[in-house]
Amino acid sequence: MITNDFAYHAPTDLDGVVAALSAASGAAVVLGGGTMLVPDMTHGKTVADVVVDLSRAGLSGITSEGGAVVVGATTTYARLLSDPRAGTLAPLLRRVADGVTGGPQIRNKGTIGGSACYANPSSEVPAALVALDARLRLASAGGVREVAAADFFTGAFATARRPDEVLAAVTLPAPTGVRPGYTKLKLAESSWPIATAACVPGQDGGLRVAVGAVAATPLLVTLDPPGAGVADPAWRAHVREVVGAALDEPWSDVLADGEYRRRVAPVVAARAVADALEAEGES
């Protein structure tokens, strides 16, 4: 039960959301799907004077815009799974959504934007956005700005979003038509991941590999495609070496300590790369 009083706003468009945040006196929070915020408020971990609800603001959906793909901030995992365009326009996010556990209540209420803004190191979404070289569109009374995903996540549960800003959408580069590689390691079906990895083609012909849940922010490495093929043991060892060397400060929590994550991160990354390249070879 939430015990403190707060003002509640449910604007019907983005302008109304921005105005509500601009006018807020005291601590304001933005409510997306509520899968994390509501429990935090219930348990007293978050205390807000103003709650701005995005559910009526029309910020959901997947569209093409000037060659890019725009995913509204309140697009749910269920929407990614049900929208027939998602498999073509946002295949990696669709794969992430397909692996989300927690039952229908999480898939139906959890949102891409909410997961990004919560910035839980163990969430699947931040690393996927970094791999995709996504840009996060932030709106405030002062205007709109876009922040690269690699710069948006600044620490554990910390982002570049200012208190007066709302995440309106995530923009992705035009899809390449190549299936991304994606994998994750979990202790149990219902637990948060211990490590995730996503692999997509880079603009220079190389590979972008983002590893999540192993550090406070997603770890990004770039690789050249294997000359001898994805099954080459030496190349797979190279992938593991590059990822292991890049992981300076591994993340620890109740699921796993940092040293365990340091050991498994290179293996999970190599699996994601193999998944991407093997799929490309089959196409």
Side-chain angles (χ1 to χ4, degrees), residues 92-93 95-96 99 115-116 118-136 147-160 172-173 176 178 180-187 192-253 255-280:
L92 178 55
L93 293 185
R95 290 192 70 183
V96 168
S115 181
Y118 196 66
N120 184 342
S122 295
S123 172
E124 296 96 322
V125 170
L129 296 181
V130 170
L132 289 167
D133 199 16
R135 299 189 66 82
L136 290 94
V147 179
D151 299 323
F152 182 76
F153 302 103
T154 59
F157 304 99
T159 73
L172 313 175
T176 62
V178 177
Y182 179 70
T183 188
K184 61 182 175 180
L185 174 67
K186 302 173 70 173
L187 283 178
W192 288 96
I194 292 174
T196 73
C199 176
V200 301
Q203 293 183 350
D204 58 356
L207 302 172
R208 291 175 60 89
V209 183
V211 187
V214 299
T217 59
L219 174 69
L220 177 66
V221 298
T222 56
L223 300 166
D224 293 328
V230 67
D232 179 11
W235 188 78
R236 291 193 180 215
H238 171 67
V239 174
R240 295 193 293 270
E241 181 181 356
V242 169
V243 173
L247 184 54
D248 294 329
E249 299 182 15
W251 170 253
S252 295
D253 62 10
L255 291 176
D257 64 31
E259 288 309 307
Y260 180 74
R261 283 185 160 98
R262 189 192 298 276
R263 293 197 298 272
V264 301
V267 177
V268 174
R271 289 176 182 173
V273 173
D275 182 38
L277 295 178
E278 288 168 354
E280 183 178 6

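Quick caveat: nothing in here was measured; it's all calculated off a predicted structure. All residue numbers refer to positions in the sequence shown, counting from 1.
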Residues that R208 engages under side-chain hydrogen bond (donor to acceptor under 3.5 Å, both in side chains), provided they are two or more places apart: none
Any donor-acceptor pair under 3.5 Å from R262 side chain to G244 backbone: no
Closest non-hydrogen atom pair between V239 and A270, with its separation: CG1-CA, 3.8 Å
Within-4.5 Å side-chain heavy-atom neighbours: L277 and L207: yes
Partners passing side chain to side chain contact (heavy atoms under 4.5 Å, CB included) against A215 (at least two apart in sequence or in another chain): L247
Residues in ring pair (Phe, Tyr, Trp, His ring centres under 6.0 Å) contact with F157, at least two apart in sequence or another chain: Y118
Residue pair P218 / F153: nearest heavy atoms and the distance that separates them: CD-CB, 4.0 Å
By side chain to side chain contact (heavy atoms under 4.5 Å, CB included) - contacts of T183 (at least two apart): A197, V268, R271, A272
Minimum heavy-atom distance S115-P126, with the two atoms named: OG-CD, 4.3 Å
Non-hydrogen atoms of G181 and D275 that approach each other most closely: CA-OD2, 3.3 Å
Minimum heavy-atom distance between L219 and A246, given as atom pair plus value: CD1-O, 3.5 Å
Residue pair D253, R261: steps toward the side-chain contact (heavy atoms from CB on, under 4.5 Å) verdict: CA-CA 10 Å; D253 62 10; R261 283 185 160 98; 3.1 Å; yes
Note, L132 side chain near L93 side chain (heavy atom, < 4.5 Å): yes
Salt bridge (charged side-chain N to carboxylate O under 4.0 Å, His left out) against D151, all qualifying residues, sequence neighbours excluded: none
Which residues share a salt bridge (charged side-chain N to carboxylate O under 4.0 Å, His left out) with K184, sequence neighbours left out: E124
Contacts of type side chain to side chain contact (heavy atoms under 4.5 Å, CB included), residue A156, not counting sequence neighbours: P121, A216, W251
Pair listing, salt bridge (charged side-chain N to carboxylate O under 4.0 Å, His left out) test, anchored in residues 238-248, at least two apart: none
By side chain to side chain contact (heavy atoms under 4.5 Å, CB included) - contacts of D257 (at least two apart): S252, E259, Y260
For G155 against T217, the heavy-atom pair lying closest together: N-CG2, 3.3 Å
